[in-house]
Amino acid sequence: MKRIRVVQWGLGAMGGGMVKLMLEKDGLQVVGAIETRKDYIGKDLGDVIELGEKLNIKITDNPKSILKKSDVDIVILATNSFTREVVDTLQLIAEAGIDCITIAEEMVVPEASEPDLAKTIDEFAKRHDVTILGTGINPGFVLDSLVINLSGVCHRVDRIEASRLNDLSSFGPTLLRSQGVGTSVAEFKAGVSGGGIAGHIGFNESIRMISDALGLGVDKIEEVREPIVSNTDRETKYIKIKAGMVAGCRHTGIGFVNGKEVIRLIHPQQICPEAEKAETGDYINIFGAPDIKMSIKPEIPGGVGTIGLAVNMIPLVKRASPGIKRMIDLPIPACLMGPEAYIRRM
Ligand code: NAD
């Protein structure tokens with residue numbers, strides 16, 4: 001079996017994990033890595049991801065030095081969340097004639113937040129005959145493509161309500177700040193108005209994907225960010241909060257058709273949810289014919305799931321037609337366990 005040659009662009013929590021997973025897959029070969037961190041450049045990839053052995057791959061900050069179509073089949077991009085921030089990188093990869101999977105949240109459905117840029121990206125992808133996919137656990141899977149797959153057995157769907165209740169305890173200060181953890185209620189409200197407390201990035205994308213897949217015709221999306229106020233003291237490796245302070249953000253996205261709610265996605269993210277007996281999990285409720293209720297307890301771990309999806313989508317992207325793809329444009333993802341997963345699906 002000819003292995004698919006992959007360059008990993010971005011070696012943070014996600015990128016490092018993707019390299020480790022790809023090394024376990026017989027059908028994949030990691031051939032390069034790109035980073036801007038000064039302490040990584042020039043070092044061996046195996047050392048930087050603490051593999052315990054060298055990979056004989058030098059990390060570079062010069063993409064053009066390694067992005068050659070004759071040597072690379074696909075790039076996984078794990079650097080940023082926003083289409084505007086990754087568009088130049090995507091163009092450079094496309095101009096090299098190489099396919100790309102990105103985990104930038106907005107790229108899961110780029111036209112939802114950046115319609116003009118989405119058009120530009122689709123055009124340059126087609127011009128250079130490459131495929132670009134945005135994926136990840138959420139957006140990309142739990143609150144959109146999984147919901148869409150479940151709806152496949154329904155005769156009629158009246159309304160969808162799905163929630164992902166997760167634990168932020170293992171995350172560091174940057175993510176905790178973006179969710180308002182450790183603020184007072186007044187600071188939380190000011191942070192939401194000022195944009196510093198963003199909550200979840202992805203409701204626009206997930207609602208748009210569900211609406212388009214089912215043909216629901218959502219014409220308005222509203223988002224609400226509310227503080228999860230703790231009744232107890234809570235403590236993680238990174239932060240201690242007192243009762244009365246904010247433990248997280250309950251972020252809700254609602255899709256309407258002619259003023260009627262048809263999709264409600266709820267994402268309460270907090271530290272130490274067990275402190276108040278909140279059970280983490282992914283819950284999908286489809287109301288229609290038939291009603292469908294699915295719960296996954298505890299929730300699918302976000303980082304692990306994102307790494308898995310990005311890697312498992314590689315053969316599917318390699319066989320796709322050129323242009324921007326969404327998860328609903330490609331066959332359903334499956335864990336790459338043996339040769340058939342590469343050959344049959346290619
Ligand atoms: P991280 O901060 O741990 O790592 C990002 C890495 O990218 C850093 O090492 C940084 O130095 C590097 N980097 C940034 N810009 C670069 C550039 N131009 N060239 C080369 N390297 C660059 O973040 P992470 O946890 O690995 O996540 C990466 C991104 O993916 C984040 O924006 C995150 O929000 C997003 N994400 C999306 C999903 C999803 O469900 N869709 C899930 C997880 C993460």
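In each ligand, atom 1 is the first atom listed, and ligand 1 is the first ligand listed. In this text, all values refer to a predicted model and were calculated from it rather than measured experimentally.
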Regarding ligand 1, does [X] bring an N or O atom to under 3.5 Å of one of the ligand's N or O atoms?
{"X": "Ala104", "answer": "no"}
{"X": "Arg37", "answer": "no"}
{"X": "Ile137", "answer": "yes"}
{"X": "Met14", "answer": "yes"}

Pairing of [X] and [Y] as salt bridge, 4.0 angstrom limit:
{"X": "Lys318", "Y": "Asp99", "value": "yes"}
{"X": "Asp47", "Y": "Lys54", "value": "yes"}
{"X": "Arg164", "Y": "Asp282", "value": "yes"}
{"X": "Arg156", "Y": "Asp158", "value": "yes"}

Flag yes if more than 12 heavy atoms outside [X] fall under 6.0 Å of its [atom1] atom; otherwise flag no.
{"X": "Arg84", "atom1": "CZ", "result": "no"}
{"X": "Met294", "atom1": "CE", "result": "yes"}
{"X": "Lys119", "atom1": "NZ", "result": "no"}

For [atom], closest protein heavy-atom neighbour:
{"atom": "atom 8 (C) of ligand 1", "value": "Glu35 OE2, 3.3 Å"}
{"atom": "atom 42 (C) of ligand 1", "value": "Thr306 OG1, 3.2 Å"}
{"atom": "atom 34 (O) of ligand 1", "value": "Glu105 OE2, 2.8 Å"}
{"atom": "atom 29 (C) of ligand 1", "value": "Asn80 N, 3.9 Å"}
{"atom": "atom 19 (N) of ligand 1", "value": "Trp9 NE1, 2.9 Å"}
{"atom": "atom 3 (O) of ligand 1", "value": "Ala13 N, 3.0 Å"}
{"atom": "atom 4 (O) of ligand 1", "value": "Gly12 CA, 3.2 Å"}

Please confirm whether [X] comes under 4.0 Å of ligand 1, counting heavy atoms of the residue only.
{"X": "Gly302", "value": "no"}
{"X": "Gly140", "value": "no"}
{"X": "Thr135", "value": "yes"}

Heavy atoms of the protein only: does one fall short of 4.0 Å from atom 36 (N) of ligand 1?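 So far as the 4.0 Å threshold goes, atom 36 (N) of ligand 1 is in reach of a protein heavy atom.
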Contact bool for atom 26 (O) of ligand 1 (protein heavy atom, d < 4.0 Å):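 Neighbour list for atom 26 (O) of ligand 1 includes protein heavy atoms (cut-off 4.0 Å).
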Do we see a donor-acceptor contact under 3.5 Å between the side chains of [X] and [Y]?
{"X": "Glu205", "Y": "Ser113", "value": "yes"}
{"X": "Thr236", "Y": "Lys240", "value": "no"}
{"X": "Asp167", "Y": "Gln270", "value": "no"}

Heavy-atom distances under 4.0 Å decide this one: backbone, side chain, both or neither, for Ile103 against ligand 1?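 Both parts.
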Have a look at ligand 1 and work out which part of Thr79, if any, has a heavy atom under 4.0 Å from it: side chain, backbone, both or neither. both
So does Thr60 get a backbone contact from the side chain of Glu35, meaning a donor-acceptor N/O pair under 3.5 Å?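 Between the backbone of Thr60 and the side chain of Glu35 there is no qualifying donor-acceptor contact (under 3.5 Å).
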Between His251 and His267, is the ring centroid distance below 6.0 Å? no
Selected option - heavy-atom contact closest to atom 39 (C) of ligand 1, from Gly134, Ser81, Gly136, Ala78: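 Of the listed residues, Gly136 has the closest heavy atom.
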